[in-house]
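Since the structure comes first, as structure tokens, the remarks are kept for the end.
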Protein chains: 2
Amino acid sequence: MRASVTTIEPNGHFCSDCAVRGFAVCSSLDPAELREFEHLGCRVHFATGETVFSEEDIATSFYNLLEGVMRLYKLLPDGRRQIVGFALPGDFLGMNISGRHNFSADAIGAVTVCQFAKAPFGRFIEDRPHLLRRINELAIRELSQARDHMVLLGRRSADEKVATFLLGWRERLFSLKGSSNMVPLPMSRQDIADYLGLTIETVSRTFTKLERHGAIEIVHGGIGLRDRARVEALVAA
Amino acid sequence: MRASVTTIEPNGHFCSDCAVRGFAVCSSLDPAELREFEHLGCRVHFATGETVFSEEDIATSFYNLLEGVMRLYKLLPDGRRQIVGFALPGDFLGMNISGRHNFSADAIGAVTVCQFAKAPFGRFIEDRPHLLRRINELAIRELSQARDHMVLLGRRSADEKVATFLLGWRERLFSLKGSSNMVPLPMSRQDIADYLGLTIETVSRTFTKLERHGAIEIVHGGIGLRDRARVEALVAA
DNA sequence: CGCCAAAATTGATCTGCGTCAATCGACTTT
DNA sequence: AAAGTCGATTGACGCAGATCAATTTTGGCG
């Protein structure tokens, strides 16, 4: 195992050359504001599998994901898990109204976040409505995604779920790394199952089936799209 | 059939004695603002089953539900329907980022909304960050509910779904009309099924089963809770 | 390289819920 | 009150996906 545990970088970074500068919350800030903003956040690293925050924890911070992928999930008392989303660089986490997080967040692979203490961040927003508007925009976009996912969970078959997930994930990665027929899947089969409301066995079998039909190719760490039309047909259905 | 179709009231109402004044978006406005706000909205009535707006429609208005219940839903191309929520008085509808609604909304029973044209409403918000903050708060609350619902759809059994729905719906009505062991269900069994990701038959059978076990009593237009502990046990499970 | 643990795949079987179909009951209309 | 309509309930049966149980593959490490 790598020796790395959660580490907090001793400062010394600049928002202006941040990788997510263009599309994260902070995209709404002008250069002057950015310089002030810089002092509010602090880069924190998390190793594979570490939990960034847990459901029901008092929410003391907001997080701007800079690098890596996170799984966002809720647990039922008996251990059943529903993954409510995967976070990618640029995603903003920690909004809530109850003062507590309403889901947990783990690192899938190594992760870097820009962490903001709640109070100073709140004060910074106070007189910057454009930042608030940006946050609102992100919340509304997430809400729309959440509703799409409800349709998937409630009304789609296993085949459709897996196909929809593959193309949706590809689409999200597209805006970050550009398009490709290779869809990297950093999360485990169990994660995919818990995202789609299926079991790990069904996910595995569905991938195998799609591969047998020539629609995809299962490669290490991801999926190759061989016949996108066929996968898209499942999504449209 | 009642002769009523969509009717637009010829003005003449006051925000100050609006039924949802205390808890809707407008709760963040002071009396002076309210008087200005009054001119932006316009009461519109919808009869049972009428569609207030449709998914993919250009969103030209926001809506503040004043009276009645609405179903909010998405359709798959082949007609499968997922109800993503029910709206009650005080709920604010129409937020979006794409410029289009991302779900459809029908009246369940007679409905009155306070309708705001997008542009003037947007201008009104512009220099009133507290209103924006209120809208953000509502969006975040909805997001949290959406995530809870994902858990239900993806990971719960039919019994748990129905029990969770009953108590959740009761809880929502509680803040409007106070608590009672009678839970009115203005929506059809089909609506409930489409909300829970089940079929109408399974919903019906589950109600019957709960009634046989003495947990509930099926009455016309609703459900009576006879053994709440038993229903709560299903939710906790 | 070989050993071990964890993840993924595959197979066999089971079951919860869907599907199909009939009946019932509550309203509306005449 | 009879007839027709629509929603809800009930029953019989089937199947998609869960469960249980082995393997197989992969990755880390001495």
Side-chain angles (χ1 to χ4, degrees), chain A residues 1-4 47-49 71 76 78-82 106 108-110 152-165 184-212 216-223 234 237, chain B residues 1-3 47-49 71 76 78-82 106 108-109 152-163 165 184-213 216-223 234 237:
Chain A
M1 196 208 296
R2 198 94 57 66
S4 69
T48 300
R71 62 173 159 257
L76 289 174
D78 64 3
R80 280 174 288 177
R81 184 176 72 159
Q82 176 66 44
D106 294 347
I108 296 178
L152 177 143
L153 290 171
R155 287 296 179 227
R156 280 183 175 282
S157 71
D159 287 1
E160 293 169 348
K161 283 177 175 181
V162 169
T164 305
F165 165 68
L185 296 178
M187 70 290 286
S188 70
R189 294 289 192 263
Q190 185 64 64
D191 287 340
I192 297 173
D194 287 348
Y195 182 58
L196 300 178
L198 298 172
T199 60
I200 186 176
E201 292 95 332
T202 299
V203 170
S204 188
R205 275 188 254 271
T206 304
F207 276 142
T208 307
K209 186 166 93 181
L210 288 173
E211 187 174 48
R212 266 201 313 271
I216 65 169
E217 185 181 4
I218 303 172
V219 297
H220 182 72
I223 295 290
L234 280 170
Chain B
M1 195 209 295
R2 199 93 55 67
T48 300
R71 61 175 159 257
L76 289 174
D78 64 2
R80 281 174 287 177
R81 184 177 72 159
Q82 176 66 44
D106 293 348
I108 296 178
L152 178 142
L153 289 171
R155 287 297 178 226
R156 280 183 175 282
S157 69
D159 287 3
E160 293 170 349
K161 283 177 174 181
V162 170
F165 164 67
L185 296 178
M187 70 290 285
S188 70
R189 294 291 193 262
Q190 186 65 64
D191 288 340
I192 297 173
D194 287 347
Y195 182 58
L196 299 178
L198 298 172
T199 59
I200 186 176
E201 294 94 333
T202 298
V203 170
S204 187
R205 275 188 255 270
T206 304
F207 276 142
T208 306
K209 186 166 91 179
L210 289 173
E211 187 175 47
R212 266 203 311 272
H213 293 12
I216 65 170
E217 185 181 5
I218 304 172
V219 297
H220 183 71
I223 295 288
L234 280 170

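Below, chains carry the letters A, B, ... as their sequence lines are ordered, and counting in each starts from 1.
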When you measure from the side chain of B:His220, which nucleotide among C:dC27, D:dT26, D:dT9 comes out closest?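 Nearest nucleotide to the side chain: C:dC27.
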
From the set C:dC17, C:dT9, D:dT19, return the single nucleotide nearest to any side-chain atom of A:Arg205.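 Out of C:dC17, C:dT9, D:dT19, the nucleotide with an atom closest to A:Arg205's side chain is D:dT19.
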
Salt-bridge criterion met for B:Arg155 and A:Asp194 (N-O under 4.0 Å):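 Salt bridge: yes.
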
With sugar-phosphate meaning primed atoms plus P, OP1 and OP2, does [X] contact a base, only sugar-phosphate, or nothing at under 4.0 Å between heavy atoms?
{"X": "A:Thr199", "value": "base"}
{"X": "A:Ile192", "value": "nothing"}
{"X": "A:Ser188", "value": "sugar-phosphate"}
{"X": "B:Thr208", "value": "sugar-phosphate"}
{"X": "A:Leu196", "value": "nothing"}
{"X": "A:Gly197", "value": "sugar-phosphate"}

Taking [atom1] from [X] and [atom2] from [N], how many angstroms apart are they, rounded to a whole number?
{"X": "A:Leu198", "N": "D:dA16", "atom1": "CG", "atom2": "C1'", "result": "11 Å"}
{"X": "B:Lys161", "N": "C:dG18", "atom1": "NZ", "atom2": "C1'", "result": "12 Å"}
{"X": "A:Arg156", "N": "D:dA16", "atom1": "CZ", "atom2": "P", "result": "17 Å"}
{"X": "A:Ile200", "N": "C:dT10", "atom1": "CD1", "atom2": "C1'", "result": "12 Å"}
{"X": "A:Arg189", "N": "C:dT10", "atom1": "CZ", "atom2": "C1'", "result": "14 Å"}
{"X": "B:Asp194", "N": "C:dG18", "atom1": "CG", "atom2": "C1'", "result": "14 Å"}
{"X": "A:Met187", "N": "C:dA7", "atom1": "CE", "atom2": "C1'", "result": "15 Å"}
{"X": "A:Asp78", "N": "D:dA18", "atom1": "CG", "atom2": "C1'", "result": "15 Å"}

Give a yes/no answer on whether the side chain of A:Thr202 brings an N or O atom under 4.0 Å of OP1 or OP2 in D:dA18.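 A:Thr202 to D:dA18 OP1/OP2: side-chain N or O found under 4.0 Å.
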
Please state whether the phosphate of C:dT9, meaning OP1 or OP2, lies under 4.0 angstrom from any side-chain nitrogen or oxygen of A:Ser204.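 Yes, because at least one side-chain N or O of A:Ser204 sits under 4.0 Å from OP1 or OP2 of C:dT9.
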
Of A:Ile218 and A:Arg155, whose closest DNA chain C nucleotide lies nearer the 5' terminus?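 Upstream on the strand: A:Ile218.
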
Can you name the closest pair of heavy atoms from A:Asp191 and A:Arg81 and give their distance?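 Closest approach of A:Asp191 to A:Arg81: OD1-NH2, 2.7 Å.
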
When you look at B:Leu234 and B:Leu210, which way does the side chain to side chain contact (heavy atoms under 4.5 Å, CB included) test go after all the steps? CA-CA 11 Å; B:Leu234 280 170; B:Leu210 289 173; 3.7 Å; yes

Within the distance-only criterion (no hydrogens, no angle test), does the side chain of A:Glu211 pair as donor or acceptor with the backbone N or O of A:Ile218 below 3.5 angstrom?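 Side chain of A:Glu211 to backbone of A:Ile218, a donor-acceptor pair under 3.5 Å: yes, one is there.
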
For the side chain of B:Glu201 and the base of C:dC17, is some donor closer than 3.5 Å to an acceptor across the two?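 Looking at the base of C:dC17, it does not pair with any donor or acceptor on the side chain of B:Glu201 (distance under 3.5 Å).
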
Start with the C-alpha distance between B:Thr206 and B:Phe165, add both sets of side-chain angles, then the distance that settles side chain to side chain contact (heavy atoms under 4.5 Å, CB included), and finish with yes or no. CA-CA 12 Å; B:Thr206 304; B:Phe165 164 67; over 6 Å; no

